[in-house]
Amino acid sequence: MTPAEVSAALVAWFDEFGRHLPWRPDEDPYRIWLMVVMLQQTRVETVLPYYERFVAAFPTLADLAAADDEAVLAAWKGLGYYSRARNLHAGARELAATYDGRLPEEPALLERLPGVGRYTAAAVASIAFDAPAAAVDGNVLRFLARYFADDGDLASPKTRARLERLATSLLPPSGRGTHNQAAMDFGALVCAPVPRCDGCPVRAGCAAFARGIQGTLPKKTAKAAVRTERLLVARIRDAAGRTLLRRRPDSGLLARFWELPNVPDDGADPVAAFAVAGLDLTLGATLGEARHVFTHRLWILRVVDARLIREPAPDALCRWFDDPHGATLPKAFSKTLEFPE
Ligand code: SF4
């Protein structure tokens, strides 16, 4: 099959079976950027209600640029991977300051925005501006490795660069955004981890299928192991029913979110560890255990009823909340609020 035939077959398949996302061809590039970012590491069905909520809160790039951090995190709450929201927000501010509040059309300029890598820049530029850039996500890499029977390790930058060049060779002269969406959806739904070769519209050109090796591709080295961290979490409520929360540090995992005060659950004296953090307390009964999985990290939270001996030190960055669910509290902690006394 020629590149034009492959592209036409993918687009025809997409027209009939693809998951069409809620933007029109004339839609605001900001919304396309937002959707592309939300879809990183998250399924379409999960993203849609968050997308609607976010654009209702910040309908334009200017609205997002003018918003405060807390409001942006609150609108993103529940979707996870919060660095995406922070980067979007920082990017919107940068665009408001340098590009008159518009997204640049060139992928290379988009890549200068915080959190925007090659894939995001190509996806946004091609969908919003028909830029000649191939958006290559994991689904497209799998499809390309099979279609061209490339047995290079996907973890290798050389293999990725080679497959990206092949992806670019398939781009049509126009309608690249639709082509890219078609290729991504096709990789997700047809050339899936278990390929559905029966009825595949590009089977006639697929080198792996011709050799019967599609089940062995792509080649990938094992993922990094998940690290387990155990935390002892103090659930502290006062006589008025308020809950004490603590602000997380300005950088790192879940930066600047609120959390229930916690210390490592590593066998050391937890009361002493809380005292070092500015919290003098007594610990009571264990209320329950929660688990939360991040990309390469598993948190095991042992939640303990606790009472303050005195108000927290100012540098403990704590505050009482009548309704802790109303704070920007990550899911890992919000579920521990429901444990019965
Ligand atoms: S024939 Fe099978 S392996 Fe080849 S592109 Fe189609 S679905 Fe993927």
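Just so you know, ligand 1 is whichever comes first in the structure, and atom 1 is the first atom listed for that ligand.
The nearest protein atom to atom 8 (Fe) of ligand 1, hydrogens excluded, is given as Cys191 SG, 2.4 Å; this is a heavy-atom distance. In terms of protein heavy-atom proximity, atom 2 (Fe) of ligand 1 is nearest to Cys197 SG, 2.3 Å. For atom 6 (Fe) of ligand 1, the closest non-hydrogen atom on the protein side is Cys200 SG, 2.3 Å.
A salt bridge links Arg246 and Glu259; the closest N-O separation between the charged side-chain nitrogens and carboxylate oxygens is under 4.0 Å. Between Asp250 and Arg86 there is no salt bridge, since no side-chain nitrogen of the basic residue lies less than 4.0 Å from a carboxylate oxygen of the acidic one.
Note: Arg84 CZ to Met38 CE = 8.0 Å, rounded to the nearest 0.5 Å.
Note on Trp13 and Leu171: separate hydrophobic clusters, where clusters join Ile, Leu, Val, Met, Phe, Trp and Tyr whose side-chain heavy atoms are under 4.5 Å apart, directly or indirectly.
Interface of Gln214 with ligand 1, defined as ligand atoms under 4.0 Å from a residue heavy atom, comprises 3 (S). Near Cys206, the atoms of ligand 1 lying under 4.0 angstrom from a non-hydrogen atom of the residue are 1 (S), 3 (S), 4 (Fe), 5 (S).
Here Trp76 and Phe58 keep their ring centres 6.0 angstrom or further from each other.
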